[in-house]
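In what follows, a single structure is set out as structure tokens and then discussed.
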Amino acid sequence: MSLSQKKPHVLIVCISPYIRIEFQDYLHSVLGDHILFDTSAPSDITDISQLLPYQCILFSSTKVQDEFSIPIPDSISQIVCTRTFNHAFLDQIIRIPPGEKVYVVNDFFDSTLSTIQQFEEFGLSQYQFIPYSSETQETDLSIRYAITVGEPRLVPGHIRNVINIGNRIIDISTINELCVLFHLPARLGNQITRNYISHILKVVKTAGSYYSSFVFSQQLLLATVSNLPFAVCLLDESGTIMAVNKHFSKDWGFSKKQGIGTPFSHCLPHAYSRILFNQTADYRIANHMDVPMLLSVMELSFPNHTRVCLLTSKPAVNQETDTNAPPLLSDLALSQGQEPDTSPIERQRSSFSNLVTVSERFQEVLSYARRLSLYDFPVLIQGESGTQKKMLAKAIHQSSSRRRCPFVSLNQLLTLSGCDLPEILEAANHGTLLVDHIEKLSPKMQDFLAQLLQNTASDSLLPQRSWDIRVIATSAPNLYSLVQENAFQENLFFHLSTAVLDTIPLKERREDIPLLLEHFFRSLFHHSPFQMDAILSKSLYQFLLSYDYPGNVKELMNLAQYFSSLYAAHPLILSQLPSYIRDSLANTGDNLTALKRQVLTIIKNTPKSGRTSIQKALSESGAQISDGKLRGLLKELSDQELILVHRTKGGCEITEAGLAVLVRGG
């Protein structure tokens, strides 16, 4: 260490090399004109002579001081550093919605509690801080926000909203302690304190602004809900009433004061007490006065916020005169001995639940699609064939305000019924028009759609009236590339591309393959208990996990249907794959010589054959081969995973891949 005699010297003792560097850089930036700072790990100090050049030792924590083994002379002062969180990150922290549960993540439980205490002392009382460390056993999956003190690797994987405030920094009290110890000018300590307080006041002002905006938004929401002329209610994701107006509370027989903070299902007859009403659905439910009511639930999902549900209600008209009315929930569920929370109505309306996935990328697609269902502008869904584009379109429609109106396919109307354009418009009016494979539309139909989206009329195409139709289109190729090639109308593209959803090929979401297989099999086997290994052999299952699926999810569903038709109490094997897949397998079979194929056939026909038996069979067919050459040939077949070569007298056995090669070549 190079030590000057003009300035006092302080030795920073800390275990972590990263924190040592941070401390040294920070202290040098604040007090470097007056004090020299060096750093050391406790283990690097083995003799008292290493301490003598210093006037002060600054320990990073009480624990480091207590475990320091070298006796410190009385002439050397000791200071234990007081640490606090970096206030520069406060403006990020206060952007978290008030009332949220927030994980505070650090390496040790005690240090996490210390950070939470500092947050609370600073006045961050609008959150429910929950400690999380490497010692935590269980994770609360409902928590969506985390603040970590330089330990992002410890943050639970399901949390995407993470604020990393870095390692805790040196508190102003430690700076002042050093100033007093070395009799530094009072103006220096005052200036440092003024800068610190000035920064804190700026943050407090920002926090006050955010909080004022939050309070105003809450007041505006409550005022709007209260003054709407129809029955409306807002629920949080647990089904608890957040806001309600007098019309809604009158429909369901409770007061506004009683309702706020109460699960909505508790305000209904007991038969419906287990329904959460937290998914888009339509219900026909009898209230406490036994009056049939129509209850519409719409899920509202926004980025970085917990979802809420908007409920509206009105008395039900006679079901015989309203063909669009949903069946009475009790008629449909309770009379069949079902619990209301498993009602077929809810499953029917919750169409996004049919799009099963664990892929983070596809979950983001679904999250965006749910948000698009809240709006009414056109949507373009692009992606490879079989990537569930039509399912996404239908899910958006069934989760939108148009869900009780028609969902009409332009392609089907044109090809099956030969409808003319006015009939198409009439069929889709007030609903959603699906244009599948829009890239294949004729120029005339492209003009028709462009006029529809612009709300303009042409004598030759659109009747002279306005239409209330939402358009959702799908395309296999990137539609803009067709525009650039003058193969698609530019004007129509820009009208459609208000919102664009890009689906994901199955080979890029392989983690979904096991989930989708199980989903399809459960449906095909009518939800009866089954085990995957009872239907598919291990080799076939592993192949399905690694296959590229040019037909994507549609191809996987077709394979599941194909396997269910073949299944007969024994696991299916590779050689039972459809012929188009067997023919497209890796070129293993193409590389087989006639001799190898002959040996493979012998092993298939006489399982556990040894080299002597194989040589004899070859000789009987007129093929002569030495023992050494046969040994090498068997090794090649084994390396290609076409046979298993057992030790000692176990002989050879053909694998499923070997059988598939023979079937393919047969």
Side-chain angles (χ1 to χ4, degrees), residues 351-352 354-357 359 361-370 372-373 377-398 407-416 424 428 432-450 452-453 469-510 512-513 516 520 547-562 578 580-581 584:
S351 49
F352 277 107
N354 295 324
L355 292 152
V356 295
T357 184
S359 161
R361 287 180 61 197
F362 197 56
Q363 284 174 354
E364 289 173 2
V365 172
L366 295 184
S367 177
Y368 184 37
R370 285 189 179 95
L372 291 178
S373 68
F377 39 69
V379 178
L380 174 61
I381 306 175
Q382 299 183 139
E384 294 181 10
S385 175
T387 51
Q388 301 175 291
K389 298 188 292 292
K390 288 175 71 173
M391 283 186 70
L392 271 171
K394 195 163 188 179
I396 291 170
H397 167 77
Q398 291 185 337
F407 179 78
V408 175
S409 169
L410 173 65
N411 310 65
Q412 289 181 356
L413 287 176
L414 290 175
T415 58
L416 298 180
I424 291 171
T432 300
L433 181 66
L434 171 67
V435 186
D436 200 19
H437 292 293
I438 193 170
E439 73 275 11
K440 298 180 180 179
L441 281 191
S442 66
K444 177 183 177 181
M445 291 306 302
Q446 290 185 36
D447 287 339
F448 161 69
L449 275 180
L452 176 63
L453 291 168
I469 299 172
R470 182 182 195 176
V471 175
I472 300 179
T474 73
S475 171
N478 183 305
L479 207 56
Y480 189 62
S481 65
L482 297 183
V483 172
Q484 293 174 310
E485 297 168 5
N486 294 320
F488 192 82
Q489 189 184 117
E490 183 179 54
N491 183 39
L492 176 56
F493 169 79
F494 286 115
H495 279 294
L496 283 171
S497 59
T498 307
V500 179
L501 273 173
D502 292 302
T503 57
I504 300 170
L506 188 55
K507 64 185 178 183
E508 295 178 19
R509 42 183 279 223
R510 291 191 180 278
D512 281 342
I513 295 173
L516 287 165
F520 295 142
Y547 179 55
D548 277 347
Y549 295 96
N552 293 293
V553 177
K554 177 63 176 173
E555 183 179 14
L556 180 59
M557 184 177 72
N558 290 346
L559 283 172
Q561 292 171 337
Y562 170 79
Y580 81 91
I581 296 181
S584 64

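Because the structure is a prediction, the values reported are computed rather than measured.
- Residues L501 and A369 approach most closely at CD1-CB, 3.8 Å, considering heavy atoms.
- Here the CG atom belonging to L355 is positioned 8.5 Å from the CZ atom belonging to R370, to the nearest 0.5 angstrom.
- Of all the heavy atoms in L392 and F352, the pair that sits closest is CD2-CE2, 4.4 Å.
- Side chain of S475 to main chain of H437: no donor-acceptor pair is present (N/O by atom type, distance under 3.5 Å, no hydrogens or angles).
- Of the possible donor and acceptor atoms, one in the side chain of Q382 sits under 3.5 Å from a partner among the backbone N and O of L479.
- Here the side chain of D548 pairs no donor or acceptor atom with the backbone of P550 at under 3.5 angstrom.
- By the 4.5 Å heavy-atom criterion applied to side chains, Q398 and F407 are not counted as neighbours.
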Would V435 and M445 count as a side-chain contact (heavy atoms from CB on, under 4.5 Å) here? Give the steps.
CA-CA 10 Å; V435 186; M445 291 306 302; over 6 Å; no
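- Side-chain contact between Q489 and L449: absent, with no pair of heavy atoms (C-beta onward) separated by less than 4.5 Å.
- Closest approach of N491 and A450 over heavy atoms only: ND2-CB, 4.2 Å.
- With values rounded to the nearest 0.5 angstrom, Q388 atom CD is found 13.0 Å from T474 atom OG1.
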| CA sep, side-chain torsions, deciding dist, call: M557, F520, side-chain contact (heavy atoms from CB on, under 4.5 Å) | CA-CA 6 Å; M557 184 177 72; F520 295 142; 3.7 Å; yes
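- One distance of note links CG of D502 with CZ of R361; it measures 9.5 Å at 0.5 Å rounding.
- Between the NZ atom of K390 and the CD1 atom of I381 there is a distance of 11.5 Å, given to the nearest 0.5 Å.
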Would I581 and E555 satisfy side-chain contact (heavy atoms from CB on, under 4.5 Å), going step by step from the backbone distance to the final call?
CA-CA 11 Å; I581 296 181; E555 183 179 14; 4.2 Å; yes
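- Remark: side-chain polar atoms of K389 are not paired, donor with acceptor, to backbone N or O of T503 under 3.5 angstrom.
- Taken from CG in N478 to CD in E439, the straight-line distance is 11.0 Å, to the nearest 0.5 Å.
- Judged by distance alone, the side chain of R470 and the main-chain N or O of F377 form a donor-acceptor pair under 3.5 Å.
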message: Please determine whether side-chain contact (heavy atoms from CB on, under 4.5 Å) holds for the pair V379 and Y368, giving the CA-CA distance in whole Å, both sets of side-chain angles, and the decisive distance to 0.1 Å.
response: CA-CA 11 Å; V379 178; Y368 184 37; over 6 Å; no
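- Judged by distance alone, the side chain of Q446 and the main-chain N or O of L441 form a donor-acceptor pair under 3.5 Å.
- Smallest separation of non-hydrogen atoms from F488 and I438: CE1-O, 3.5 Å.
- Between the CG atom in L506 and the CZ atom in F362 there is a gap of 10.0 Å [rounded to 0.5 Å].
- Using modelled atom types, one side-chain atom of N552 and one backbone atom of S385 make a donor-acceptor pair closer than 3.5 Å.
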